[in-house]
There are 2 protein chains.
Amino acid sequence: MNKRSTATATIHDVARLAQVSIKTVSRVVNQEPGVREDTREAVQRAVAELNYRPKQSARSLAGARSFLIGLLYYDPSAAFVGGVQQGATLRCREAGYHLVVESLHDDAPDLAEQVDRMVWALRPDGMILTPPLCDNPQVLAALRDSATPCVLISPARDLPDMPSVRMDDTRAAEEITNLLISLGHRRIAFIQGPKNQAASGLRYQGYLRAMKAHRLAVDPEMVYRGDFCFDSGVDAAHHLLSRRQRPTAVFAGNDDMALGVLAAAQRLGQIVPDDLSIAGFDDSAAASLVWPPLTTVRQPMNEMAHEAVQMLTVSRHDDGETGPPHRVLPYELVVRDSTSAPGGKAELGLAPQAAPRPAARAASKAGTKAAVKRAR
Amino acid sequence: MNKRSTATATIHDVARLAQVSIKTVSRVVNQEPGVREDTREAVQRAVAELNYRPKQSARSLAGARSFLIGLLYYDPSAAFVGGVQQGATLRCREAGYHLVVESLHDDAPDLAEQVDRMVWALRPDGMILTPPLCDNPQVLAALRDSATPCVLISPARDLPDMPSVRMDDTRAAEEITNLLISLGHRRIAFIQGPKNQAASGLRYQGYLRAMKAHRLAVDPEMVYRGDFCFDSGVDAAHHLLSRRQRPTAVFAGNDDMALGVLAAAQRLGQIVPDDLSIAGFDDSAAASLVWPPLTTVRQPMNEMAHEAVQMLTVSRHDDGETGPPHRVLPYELVVRDSTSAPGGKAELGLAPQAAPRPAARAASKAGTKAAVKRAR
DNA sequence: CTGAAAGCGCTTACAG
DNA sequence: CTGAAAGCGCTTACAG
């Protein structure tokens with residue numbers, strides 16, 4: 001209908017058409033109160049007519065906000081970052097913000113300089129940090145200097161001066177272990193992640209907690225130190241399956257290692273899950289692209305990002321007394337075909353799709369309760 | 001040394017300290033010519049001293065550039081987008097730009113509106129579009145209206161008014177097929193992607209071209225229509241392996257389908273690659289997280305993005321006569337253990353890592369030549 | 001409830 | 001080679 005003119009409309013054009021001052025246009029566009037209803041409508045009509053959109057750079061220069069949120073991440077291929085980014089862009093759109101991404105090498109020599117460059121040039125209204133950058137002292141220092149509001153996603157530890165969003169890794173690991181125990185497994189191996197990653201220890205704690213709660217001994221030979229990569233899962237399988245007493249189930253600290261165990265076990269002639277149940281952690285894309293598909297834990301990446309953007313865009317209330325929020329979001333147990341009762345010959349026909357099996361019972365507690373889901 | 005003051009330095013502060021006008025500071029910061037060397041140095045000293053960084057919103061408002069590049073994508077989980085984004089952020093950083101990302105549903109009703117919102121608010125200096133958005137008429141129309149320079153990455157077809165960057169899918173598919181033929185395979189099945197994706201047809205053409213060049217008949221029963229998802233690979237395997245005459249090799253139009261074939265074949269008791277060689281396309285993360293790791297093609301995602309940013313940030317030279325550039329970048333054949341000579345019992349020991357096998361010979365032509373690489 | 005003035009921090013012509 | 005003036009398009013106090 002109203003064709004957009006080549007030259008883009010400014011606030012003055014709108015004001016002229018609506019017969020008001022630019023200040024009133026500004027009030028309407030920013031949804032400020034204190035504008036008479038018919039005035040507001042007239043302005044809105046003019047805005048629509050001219051297809052007016054306030055220019056971010058002008059708003060940013062004149063005002064206190066840039067309508068930009070920054071996302072700092074390290075590993076671009078990680079599904080985790082992809083999920084966080086997805087959640088962040090969607091929430092940003094709803095809030096009228098835009099997401100600026102920056103990939104930083106965790107050990108780059110000029111890391112602070114790179115952060116500075118982004119922060120001082122763009123003046124984003126907030127920054128979202130993913131692991132391992134959310135634990136990097138240089139990055140955090142640069143961000144503190146610039147007084148940019150930040151939200152840490154799954155940091156190694158919560159900081160007194162920065163809000164964070166996370167899930168309960170320990171509890172999830174405990175539930176996965178409980179699931180294996182409830183299936184009848186007693187000899188359950190665990191593959192740890194590398195020492196320098198916070199998640200490694202947390203998940204190991206969850207495994208220990210479940211084992212102890214059921215008075216199951218943890219044989220040191222059944223705990224293997226991996227590095228979160230496929231190859232270390234392969235190595236772990238060779239180690240574990242060459243023991244006198246083999247495990248009937250393996251819980252790997254992440255999916256990549258679980259896939260390594262799966263591949264190695266199958267090459268060694270083991271049937272999964274009949275001879276060996278395998279569980280992972282992350283619900284990576286590959287987890288459902290293998291046979292049998294992997295039982296694992298889905299982290300609430302989208303939700304964490306959503307929450308982070310929310311914290312950064314909604315007017316900050318006083319943290320005076322309470323300090324910044326540290327939110328814990330519910331995760332999701334994803335039970336697939338890589339786990340079953342020990343020796344169970346059930347359900348592994350040659351049909352393209354195995355029949356669904358009743359979901360495992362998983363304890364649910366308020367606040368961090370897990371959903372149990374069955375999926376390919 | 002020089003602690004950054006809380007209030008951030010402006011161009012006026014620098015000018016005062018260097019005893020010049022703000023115009024001269026601007027010249028130095030923007031690396032314009034026509035400044036005496038010692039003047040330039042004095043300004044640079046002041047810039048360093050004050051840790052001055054020009055504010056993007058002021059530059060954008062006053063000048064013609066925003067120093068923002070937009071990346072539009074659809075599927076956030078795709079490894080392809082991850083690679084493109086990685087390449088784009090790195091090149092942006094080098095060029096002093098920042099990358100703003102936006103995830104758009106290809107079939108959202110308000111697609112044009114969403115593009116408009118980004119374009120008119122941010123006024124990015126350029127936009128990078130990935131499939132399938134780079135083929136979406138609504139998106140392209142909105143972008144044309146706004147006169148935003150665009151680069152299409154791997155579009156279905158090149159447009160006369162927009163530059164593009166791509167690889168040669170057909171040639172890569174041909175080379176993969178040639179590889180299988182050179183290993184001794186004659187009965188080679190192909191799994192197509194969905195009809196509405198451009199890559200499906202291109203890769204099929206490459207398969208046909210190689211078969212024809214070697215005077216191998218293409219049995220219609222050996223061509224299966226999939227949808228680029230894991231499950232359709234499973235279905236394809238069931239279809240292909242239940243034929244009278246089974247294939248000795250399967251070339252799937254992408255990795256996800258190849259992984260489906262792999263899973264199904266192994267469940268049916270086939271040894272890969274001895275009984276069946278399998279090749280994919282994409283080099284997705286999962287391709288190296290299965291056993292045996294998948295022979296596939298790596299798309300030059302980083303390089304395509306690099307090139308795209310380059311086109312958008314470097315001063316546009318006259319396309320007057322020649323039209324916008326359509327660049328074709330070299331891909332990479334990744335030969336792993338899922339392919340071997342038919343019936344070949346070689347090299348599949350039980351060691352954690354199979355010994356490397358000499359890389360397959362692959363034809364290389366100038367301009368789009370493929371590198372041959374061996375990797376896990 | 002509404003508006004006139006000032007100014008955010010740069011770049012763009014234009015002078016000299 | 002260098003600079004004084006104007007202005008980009010908004011928001012922020014401040015009046016009324």
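Chain letters run A, B, ... following the sequence lines, proteins first and then strands; every chain starts at 1.
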Trainee: For DNA chain C, whose closest nucleotide is more 5', that of A:Thr39 or that of B:Glu32?
Mentor: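 The residue mapped nearer the 5' terminus is A:Thr39.
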Trainee: Would you say A:Ser60 places a side-chain N or O within less than 4.0 Å of OP1 or OP2 belonging to C:dC8?
Mentor: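 No, outside the criterion.
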Trainee: Which whole-number value in Å describes the distance from A:Lys55 NZ to D:dT11 P?
Mentor: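 Between P of D:dT11 and NZ of A:Lys55: 13 Å.
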Trainee: Between atom NE2 in B:His12 and atom C1' in D:dA4, what is the gap in whole Å?
Mentor: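 Going from NE2 in B:His12 over to C1' in D:dA4 covers 11 Å.
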Trainee: If the cut-off is 4.0 Å, is A:Thr24 near the phosphate of C:dG3, judged by side-chain N/O to OP1 or OP2?
Mentor: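 Yes, because at least one side-chain N or O of A:Thr24 sits under 4.0 Å from OP1 or OP2 of C:dG3.
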Trainee: Measure CD/A:Gln56 against C1'/D:dC8 and give the value in whole Å, please.
Mentor: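 Value for this atom pair: 14 Å.
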Trainee: By nearest atom, which of the nucleotides C:dT2, C:dT11, D:dG3 is closest to the B:Ile11 side chain?
Mentor: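 The answer is C:dT11, which lies nearest to the side chain.
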Trainee: Compare every heavy atom of B:Val43 with every heavy atom of B:Val25, then report the nearest pair and how far apart it is.
Mentor: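 Here B:Val25 and B:Val43 meet closest at CA-CG1, 4.1 Å.
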Trainee: When we call it a touch if two heavy atoms are under 4.0 Å apart, what does A:Ser57 touch: a base, just sugar-phosphate, or nothing?
Mentor: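 Nothing, no heavy atom under 4.0 Å.
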Trainee: With rounding to the nearest 0.5 angstrom, report the CE to SG distance, A:Met127 to A:Cys134.
Mentor: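 Atom-to-atom, A:Met127:CE and A:Cys134:SG are 13.0 Å apart.
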Trainee: If you check every side-chain atom of B:Thr10, which of D:dT11, D:dT12, C:dC10 has the closest atom?
Mentor: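 Per side-chain heavy atoms of B:Thr10, the pick is C:dC10.
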Trainee: Quiz question: going by heavy-atom distance under 3.5 Å, is there a donor-acceptor pair between the base of D:dT2 and the side chain of B:Arg27?
Mentor: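 Present.
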Trainee: Of the nucleotides C:dC8, C:dT11, D:dT2, which has the atom closest to the A:Ala62 side chain?
Mentor: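 So the side chain of A:Ala62 is nearest to C:dC8.
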Trainee: May I ask you to check whether over 12 heavy atoms, not counting those of A:Gln31, lie within 6.0 Å of atom CD?
Mentor: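 No, CD of A:Gln31 has 12 or fewer neighbouring heavy atoms, counting only those of other groups under 6.0 Å.
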Trainee: Select one nucleotide: of C:dG3, D:dA4, C:dC10, the one nearest the side-chain heavy atoms of B:Ser21.
Mentor: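 Among the listed nucleotides, the one closest to the side chain of B:Ser21 is D:dA4.
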Trainee: In whole angstrom, what separates A:Ile22's CD1 from D:dC8's C1'?
Mentor: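 So the CD1-C1' distance, A:Ile22 to D:dC8, works out to 13 Å.
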Trainee: For A:Lys23, answer base if it contacts any base atom (sugar-phosphate contacts may also be present), sugar-phosphate if it contacts only those atoms, and nothing otherwise; contact means non-hydrogen atoms under 4.0 Å.
Mentor: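 Base contact.
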Trainee: With both distances under 3.5 angstrom, what nucleotide forms a Watson-Crick or G-U wobble pair with D:dA15?
Mentor: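 C:dT2 - that is the nucleotide pairing with D:dA15, both distances being under 3.5 Å.
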Trainee: Rounded at 0.5 Å granularity, tell me how far CD1 in B:Ile11 sits from CD1 in B:Ile22.
Mentor: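 Interatomic distance, B:Ile11 CD1 to B:Ile22 CD1, rounded to 0.5 Å: 5.0 Å.
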Trainee: Please lay out, stage by stage, how A:Tyr73 and B:Gln85 fare under the test side chain to side chain donor-acceptor pair (under 3.5 Å).
Mentor: CA-CA 12 Å; A:Tyr73 63 95; B:Gln85 179 171 317; 3.0 Å; yes
Trainee: Nearest nucleotide by nearest heavy atom, which residue falls closer to the 5' end of DNA chain C, B:Tyr52 or A:Val35?
Mentor: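 Result: A:Val35.
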Trainee: Starting at atom CZ of A:Arg36, determine the distance to atom C1' of C:dC1, rounded to an integer number of angstrom.
Mentor: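 Going from A:Arg36 (CZ) to C:dC1 (C1'), I get 7 Å.
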Trainee: Determine, using ring centers only, whether A:Phe67 and A:His98 are less than 6.0 Å apart.
Mentor: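 Not close enough - the centres of the two rings lie 6.0 Å or further apart.
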Trainee: Would you say B:Arg59 reaches C:dT11's phosphate, i.e. side-chain N/O to OP1/OP2 under 4.0 Å?
Mentor: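 The answer is yes; a side-chain N or O of B:Arg59 sits under 4.0 Å from OP1 or OP2.
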Trainee: Separation of A:Asp13 atom CG from D:dG9 atom C1', in whole Å?
Mentor: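 Distance check: A:Asp13 CG to D:dG9 C1' gives 11 Å.
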Trainee: Could you tell me how far apart A:Arg40 (CZ) and C:dT2 (P) are, to the nearest whole angstrom?
Mentor: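 Those two atoms, CZ and P, are 9 Å apart.
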Trainee: Using heavy atoms to find the nearest nucleotide of DNA chain D for A:Arg65 and B:Gln19 separately, return the residue whose nucleotide is more 5′.
Mentor: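 Its nearest nucleotide lies further toward 5', so the answer is B:Gln19.
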